[in-house]
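One structure below.
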Amino acid sequence: MPINYDHLMNYPIPEVRQVLRWQDVALYNFSIGLGQDPMDEKQLDFLYEPRLKVMPSMPVVLASPGFWSRNPDTGIVWQQILHGEQGLILHKPLPTEGELIGRSRITGLVDRGEGKGALMYSEREIIDAKTGETLATSTSTSFMRGNGGFGGPSGPVKQPHPEPQRAPDITLDLTTRPEQALVYRLNADLNPLHIDPEVARQAGFPRPILHGLCSFGVVCHALMRALCDYDTTRFGRMDLRFSSPVFPGETIRTEIWKEEGGAAFRARVVERDKVVVSNGLFRYA
Ligand SMILES: CCCCCCC[C@@H](O)CC(=O)SCCNC(=O)CCNC(=O)[C@H](O)C(C)(C)COP(=O)(O)OP(=O)(O)OC[C@H]1O[C@@H](n2cnc3c(N)ncnc32)[C@H](O)[C@@H]1OP(=O)(O)O
């Protein structure tokens with residue numbers, strides 16, 4: 001069944017309620033690599049419950065509807081879907097415990113043409129169930145490699161943040177672990193692409209790849225360390241493009257340029273000297 005534009009634009013993504021426990025926060029922080037140096041007190045703040053902090057990238061997994069693109073009635077060839085872009089705006093400080101509501105919707109569909117894939121833009125608001133306040137807005141682009149030529153519009157296409165043409169001001173390396181995707185998926189994203197070698201092969205990869213949102217968290221960690229001294233209240237927004245897959249176990253080098261109002265960034269895998277995240281935009285106080 002091919003994509004039906006009207007059907008997918010109005011797809012009823014279920015509203016999700018999540019009771020957030022401190023253990024969920026610690027698991028998320030651990031799953032993006034915090035605590036690799038157990039003597040680093042600033043990293044322990046993200047794992048130790050008496051003084052627990054939430055890495056600001058966490059809303060991308062909060063009150064998430066999961067991998068709903070796999071539902072047959074979407075018409076999406078789920079085996080060929082890749083996470084293309086991700087954005088996050090934080091409106092309020094994140095709690096370590098409470099009840100959250102996630103409301104998701106499709107905001108755009110772009111047909112890139114037969115053999116060139118399609119883009120699906122979506123947005124999720126993460127709301128504090130007690131106060132009704134929106135805590136964060138998460139925006140995603142799904143690059144649907146198997147759905148080009150479905151007869152939809154050819155735009156509008158989101159314009160990525162331009163990258164400076166000079167050497168970065170700061171670089172910071174963070175390693176990922178070989179089993180990182182196996183832990184990361186426990187947050188919410190159960191796409192078998194990240195655990196099942198056969199599904200990875202069908203998608204064109206020699207082995208399972210890392211979740212885009214895990215790389216998003218690793219890069220957020222790098223930005224918070226390099227620019228904000230781990231002060232989570234300083235995070236404003238973060239946008240990026242996933243330009244090439246990361247394999248679990250690789251080292252992610254975040255390259256940062258300071259610019260008016262914040263920073264631009266990209267990231268590369270050191271072992272393959274391959275840019276994996278591009279067109280990054282970071283706003284902070
Ligand atoms: C909340 C739901 C979110 C979705 C969840 C999905 C489930 C998750 O579990 C899945 C994952 O986490 S997958 C892992 C993370 N993502 C990746 O590894 C993808 C990495 N990127 C790629 O492989 C290529 O960039 C690729 C394949 C994306 C594009 O490569 P090419 O086809 O070679 O593209 P290229 O020739 O470089 O450019 C062609 C046109 O496409 C635009 N473009 C490139 N990369 C893009 C990207 N990442 N996102 C959006 N647009 C992108 C280019 O601008 C270019 O546009 P134009 O033709 O208009 O000039």
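None of the values given here were measured: they were computed from a predicted structure. Just follow the structure's listing: the first ligand is 1, and inside any ligand the first atom is 1. All values below were derived from every heavy atom in this structure, side-chain atoms included, with hydrogens, water molecules and symmetry-related copies excluded.
When only interatomic distances are considered, the shortest N/O to N/O separation between Arg241 and ligand 1 falls below 3.5 Å. For ligand 1, the polar-atom distance check finds an N/O of His83 within less than 3.5 Å of one of the ligand's N/O atoms. Where the criterion is an N or O separation shorter than 3.5 Å, residue side chain and backbone included, Ile81 fails it with respect to ligand 1. Note: an N/O pair closer than 3.5 Å links Asp189 and ligand 1 by distance alone. Residue-to-ligand polar distances keep Ser140 apart from ligand 1: every N/O pair is separated by 3.5 Å or more.
Screening residues 147-185 for ring-ring contact (aromatic ring centres under 6.0 Å, His included), with sequence neighbours left out, gives Tyr184-His211.
Neither the backbone nor the side chain of Val276 has a heavy atom within less than 4.0 Å of ligand 1. At a 4.0 Å heavy-atom cut-off, ligand 1 touches Ser244 through the backbone alone.
Within the set Trp78, Trp68, Phe143, the minimum heavy-atom distance to atom 32 (O) of ligand 1 is found for Phe143. Looking at Arg112, Lys116, Glu123, Lys158 and measuring to atom 39 (C) of ligand 1, the nearest heavy atom belongs to Arg112.
Taking the six-membered ring wherever Trp is involved, the centroid distance between the rings of Phe282 and Phe235 falls below 6.0 Å.
Side-chain contact, Tyr5 with Asp111: no donor N or O sits under 3.5 Å from an acceptor N or O.
Here Phe247 pairs with nothing under the ring-ring contact (aromatic ring centres under 6.0 Å, His included) rule; sequence neighbours left out.
Considering CG of Asn147 and CH2 of Trp78, their distance stands at 13.5 Å, rounded to 0.5 Å.
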